[in-house]
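Scroll down for the structure; my scribbles are underneath it.
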Amino acid sequence: MARVRYGARTEAEIQAARTASSELPDIWSTGVVAVWESDPDAVAAVLPPPLKPAERPLVRANISKVDLPGYPLGAGSVAVAAVHDGQEGWYPLVMPMTHERALIGGREVFGEPKKLGEVLVERDGLVVKASLARHGIAFVEVRGAVEGALPLPEPTQKTDFYFKFLPAVDGEGFDADPVLVHCVRNEKVRKLEKITGDVVLRESMYDPVADLPVRRVVEISIGEKTTDQKGKVAERVSAQALLPYIHQRYDDPRQILDGPPEGSV
């Protein structure tokens, strides 16, 4: 009988997949990073407990293209500065990805708020334009001109905070207590340039980043970097405290109750 592809994989096949994943070479991306100061109350309002606002109300947009062999990927995020238990980091609100493969793993393993979207990074000489778009709306656009090279930073660690949870089958809360994940990234940079430009936020009911206004641009840069990441569960969190924020993960929070119509399965 021909192999049934939905059938169980052997232990050897599972181990081979793990080994191949752990031996991936460095994958370099070209990306634009914009950081701006926003309204302190707006930044505080989007942070679920136990996250707390950082000392400065910063927002960061990352917009990158990743040169995966035969599988070019656009990847982005918009995050706010946050602190948990003395650890400084970033809390992403939305992470557009251009391919489903990048989306699924991040959502299911780490709890990343990834969604399918459009990611653009263009450079024509010194002129740079980058944007994140969904539903036909470029809700973040960064544009400017390269001013010159910046000193290369030393390899560094950066932390992102995610909440991993499963909405309850009966539509009431969660199936288990959510967990707060610390995702630690080791980042190496091989090229970095300063951009003089601006950040444009456009109104979107699906990705309301415009609620985090640009009070002052802190920095804009374009560079080439590679990262790896590991996650750990920092703590279990109050389901009741997180529930008012789960709409951040969905275009329409009612979709967590979506299911097949009667008799369709």
Item checked: Donor-acceptor contact below 3.5 Å, side chain Asp170 vs main chain Glu172 -> yes

Next item on the list: Considering only NZ, NE, NH1 and NH2 on the basic side and carboxylate oxygens on the acidic side, decide whether Arg185 and Glu187 come within less than 4.0 Å.
Entry: no

Margin query: Hydrogens and angles aside, do His182 and Asp160 bring a side-chain donor and acceptor to less than 3.5 Å of each other?
Written below: no

Margin query: Between Arg134 and Gly117 (side chain of the first, backbone of the second, donor and acceptor by atom type, cut-off under 3.5 Å), is there such a pair?
Written below: no

Notebook entry, point to check: Can you name the salt bridge (charged side-chain N to carboxylate O under 4.0 Å, His left out) partners of Arg236, sequence neighbours left out?
Noted result: none

Next item on the list: Report yes or no: does Trp36 contribute a side-chain atom to a donor-acceptor pair with the main-chain N or O of Leu212 at less than 3.5 Å?
Entry: yes

Item checked: Plane angle bin for His84 and Phe161 - parallel if under 30°, tilted between 30 and 60°, otherwise perpendicular -> perpendicular

Check: Is there a donor-acceptor pair closer than 3.5 Å between any side-chain N or O of Thr98 and the backbone N or O of Gly74?
Finding: yes

Notebook entry, point to check: For the atom pair CZ (Arg249) and CG (Leu93), what is the distance rounded to the nearest 0.5 Å?
Noted result: 10.5 Å

Next item on the list: Answer yes or no: is there a donor N or O on one side and an acceptor on the other, between the side chain of Thr30 and the main chain of Lys65, under 3.5 Å?
Entry: no

Item checked: Arg143: partners by salt bridge (charged side-chain N to carboxylate O under 4.0 Å, His left out), with sequence neighbours left out -> Glu141, Asp198

Item checked: salt bridge (charged side-chain N to carboxylate O under 4.0 Å, His left out): pairs with one or both residues in residues 33-51, sequence neighbours excluded -> Glu37-Arg56, Glu37-Arg216, Asp39-Arg215

